[in-house]
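Every number for a ligand or one of its atoms is a count from 1 in the order of the listing.
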Amino acid sequence: MDLFQSYNSLDDLDTESKYLIHKAKEATQFAYAPYSKFQVGAALLLDDNSVVVGSNQENASYPLCMCAERVGLYSLGNTFPEKKIMKLAVVAHKKNHKELTLAAPCGACRQVLLEYEQRQKAKMEILFLSDQQKWLKYLSAASLLPYSFSADSLIH
Ligand code: THU
């Protein structure tokens, strides 16, 4: 089975995905990114149709910067840990620029996404814009992180 689906334009996506991308775009306004000037927003669609968002939060001590995806995931984990994430969209744009740019989740976020997916025992779709200006819809967090390390690895 394919790991992801590719769409040439936003219009080709389903209504739910378009809505979630819109919510992720809205969330970029809360980014605190004075150092990178790279505004990232993440939106999580939950199994009760509610949406939780996150944006990147930076710090003068650079390694403390936190990605939008993890701000959203940890916010959910801290409020409604029993709700399942059906879909997550992440978008990014440079400060004062409207057009969206590549926003592939970083390696650290893929690791955290995977753990949330395993914890909820259900796949989540992950949407982002690829460098060819194509929207990619990954069908699970696991498919974004092959040969991953997880709790299973600790047991054997
Ligand atoms: N960033 C995210 O928010 N998500 C990612 O997956 C990649 C990077 C943020 C972190 C930092 O504030 C800025 O983008 C530049 O790396």
Under a 3.5 Å threshold, yes or no: a donor from one side chain and an acceptor from the other, between S148 and Q111? no
So does K123 have more than 12 non-hydrogen atoms from other groups sitting under 6.0 Å from NZ? no
Check this for me: E115, atom CD, are more than 12 non-hydrogen atoms of other residues, nucleotides or ligands nearer than 6.0 Å? no
Identity and separation of the nearest protein heavy atom to [atom]:
atom	result
atom 11 (C) of ligand 1	E58 OE2, 3.3 Å
atom 3 (O) of ligand 1	A68 N, 2.9 Å
atom 14 (O) of ligand 1	F38 CD2, 3.4 Å
atom 9 (C) of ligand 1	N56 ND2, 3.6 Å

Before accepting this row, confirm whether a basic side-chain N of the pair D48/K84 lies closer than 4.0 Å to the acidic partner's carboxylate O. no
Under-4.0 Å salt bridge between D12 and K134: no
Heavy-atom protein neighbour under 4.0 angstrom from atom 16 (O) of ligand 1: no
Any N or O of P105 that comes nearer than 3.5 Å to an N or O of ligand 1? no
Please report whether ligand 1 has a polar contact with C67, defined as an N or O pair separated by less than 3.5 Å (distance criterion only). no
For [X], atoms of ligand 1 separated by under 4.0 Å from a heavy atom:
X	answer
S36	13 (C), 15 (C)
A104	6 (O)
E69	2 (C), 3 (O), 4 (N), 5 (C), 6 (O)

Heavy-atom side-chain contact between M124 and Y116 under 4.5 Å: yes
Keeping the roles fixed (side chain from E117, backbone from A141), state whether a donor-acceptor pair exists under 3.5 Å. yes
